Amino acid sequence: MNCTRNRLPASTSHLNQRILHLKNGSGPTKVNDALQLFDEMLQRQPPPSIIQINQLMTLIVKMKQYSTALSLFKRVNMMGIPSDLYAINISINCHCRLNQVAYGFALLATLFKQGYPPDLTTYNTLINGLVLADRVFEAVELFKKLLIEKLCDPDQFMYGSVINGLCKAGHTIKAYELLRYMESGSCKPVVQYNTVIDSLCKDKMVDHALQLFTNMTEKGVLADVITYSSLIQGLCNFGRETEAARMLMDMEGKGVSPSVVTFNILVDSFCKKGSVKDAELAVQAMVRRGLNPDVITYSALIDGYCLRGEIDEAEKVLDGMVEKELVPNIITYNSLINGYCKKKRIGKAMRLFQEIQHKGNPAAARELFNEMQAKGHTPTVLTYGILFHGMCKNSQTTDALALFRSLGSNELMKNIVLYNILIDGCNKCGKPNLALDLYDELLLIGLKPTVRTYNAVIRVYCQEGLLGKGTELLRKMEENGCLPDSFTYNIIVRELLKKNEPGEAEILLEEMINRGFMPDHATFENLLVRIPNVGKDSRLRTIVLKLTSVERKDGKISNITSPC
DNA sequence: GTAGGGTTAG
């Protein structure tokens with residue numbers, strides 16, 4: 001019980017144990033476990049230390065839950081627990097990861113105001129944030145400023161971020177020069193060699209990369225699995241497989257074991273060359289070494305089969321990964337969708353797109369959608385419909401509406417089907433007013449409501465207790481030339497029965513039955529609940545008897561044609 | 001006893 005727990009003193013060692021347990025644990029519930037622990041922590045008296053909070057926050061950040069971490073920090077602040085430099089640095093990092101560097105710099109200002117001098121980590125995080133936002137020029141400027149004004153003494157991390165930024169921006173030579181500058185100073189490069197070696201390989205300067213590899217070894221810096229993996233990829237990409245194989249043996253000889261990433265590079269390389277058989281052999285080899293193929297391994301294989309047009313084989317790989325409880329991501333699906341499109345199986349591709357939503361991965365679906373658009377695959381009403389439906393199903397009505405609004409001038413948006421999806425979605429996400437606004441809007445722009453529109457709006461009225469408006473619309477739709485269907489009647493009758501209005505329910509029940517519609521499961525339940533309370537000669541009872549007897553006779557509903 | 005950088009799949 002919560003109240004019992006509140007009275008317990010905060011057991012620091014117990015909390016630390018649970019944090020440690022989470023740190024080493026894994027599995028699909030990890031995020032939830034961390035959040036639950038956080039809730040429990042905040043309920044304790046005395047409150048947890050900022051160190052414990054920071055530790056847990058670090059875990060949440062490692063799981064890439066940046067927005068969550070930020071809102072948790074807000075709660076911590078509101079509880080009056082003062083944050084420290086660590087907490088603020090973690091927050092700055094979260095903003096940077098969310099592509100909100102500006103907020104990161106705003107927190108830097110807060111630091112100054114609160115009298116905490118920002119430290120090396122603060123600056124490193126911001127420089128890295130600028131790099132992540134592709135603002136490498138500004139990152140370099142900040143770095144220079146810090147150096148010139150002697151605001152801090154750059155360390156491995158700072159050099160690492162700047163060198164990485166230069167490489168990502170295509171300035172490998174500048175990165176190389178900075179690496180040389182490091183060598184001349186007191187902070188000697190280590191992983192920075194890897195960054196530059198990898199970048200040289202990607203810039204087709206594999207021989208220069210090999211040269212730098214020799215250099216670093218001569219300087220006594222040990223090459224690690226990342227150095228070798230980058231070189232192996234560089235060699236493979238330019239048809240130098242024999243040398244790549246030699247490199248693989250070389251690393252093993254030096255006691256550096258290939259990792260999952262190393263194998264993934266090999267698997268992908270084989271796949272791109274069309275030899276999926278060799279890729280499969282590489283996968284077998286990694287498994288023999290006790291390395292578990294991951295989503296990237298499987299995605300590379302799937303893409304390999306799709307490139308060859310062997311979509312059935314690709315599907316088998318997908319099944320295999322799902323069996324291993326690996327979750328396919330946007331890249332996996334993209335390969336498959338491309339595979340289907342190549343085989344002109346558009347229907348299948350579209351179904352897969354739909355499936356992504358049902359698997360509860362709306363972010364992936366949205367990403368795929370954005371790419372479809374970027375690549376010039378013009379989305380159709382169907383595409384938008386699938387997307388909006390999926391977003392609404394995952395309580396992302398706000399995002400769905402925002403997307404809908406952003407396309408406002410598009411003629412495609414003046415589509416009743418999209419309005420239907422959004423009205424229903426808003427209502428089911430607890431936003432009935434938005435749903436009704438959408439209904440007004442579609443009438444205003446001259447769209448003709450369909451039976452689905454009316455049903456959705458009637459559902460809103462019913463849920464908001466406006467039964468009168470619901471029945472009114474039922475009458476009005478028919479006047480407008482749109483006949484109610486089974487859903488329309490069921491929505492209203494069910495609600496009338498719930499609200500104990502048997503008279504009105506009787507009229508509509510008879511009407512619907514006359515028109516050949518049957519009460520659905522939910523309506524029938526409400527109907528049966530009412531039976532014991534109505535008189536022997538009531539029409540409601542007669543209706544139920546009639547319904548059940550007809551069903552008993554031949555099980556067909558179409559036989560109910562005569563009025564009760 | 002808490003924060004920050006390098007390698008892999010469409």
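Everything numeric here is computed off the predicted structure, so don't read it as measured data.
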| query | Rounded to whole angstroms, how far apart are CG on A:L126 and C1' on B:dG5? | reply |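 Rounding to the nearest Å, CG of A:L126 and C1' of B:dG5 are 14 Å apart.
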
| said: Taking the ring centre of each residue, are A:F143 and A:Y159 less than 6.0 Å apart? | reply: yes

Given [options], the nucleotide with the shortest approach to the side chain of [X]:
| X | options | answer |
| --- | --- | --- |
| A:K168 | B:dT8, B:dT7, B:dG5 | B:dT7 |
| A:A300 | B:dA9, B:dT2, B:dG5 | B:dA9 |
| A:S229 | B:dT8, B:dT7, B:dA3 | B:dT7 |
| A:D119 | B:dA3, B:dA9, B:dG5 | B:dA3 |
| A:I330 | B:dA9, B:dG5, B:dG10 | B:dG10 |
| A:Q55 | B:dA9, B:dG1, B:dG10 | B:dG1 |
| A:V191 | B:dT7, B:dG5, B:dA9 | B:dG5 |
| A:N334 | B:dG10, B:dG5, B:dT2 | B:dG10 |
| A:V295 | B:dA9, B:dA3, B:dT8 | B:dA9 |
| A:D84 | B:dT2, B:dG10, B:dT7 | B:dT2 |

[X]/[Y] ion pair, N-O < 4.0 Å:
| X | Y | value |
| --- | --- | --- |
| A:K324 | A:D319 | no |
| A:R180 | A:E177 | no |
| A:E313 | A:K316 | yes |

| request: Record whether the side chain of A:N329 comes under 3.5 Å of the base of B:dA9 through a donor-acceptor pair of N or O atoms. | output: yes

| query | Which part of the nucleic acid, if any, lies within reach of A:Q192 when heavy atoms closer than 4.0 Å are counted: base, sugar-phosphate only, or nothing? | reply |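 Base contact.
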
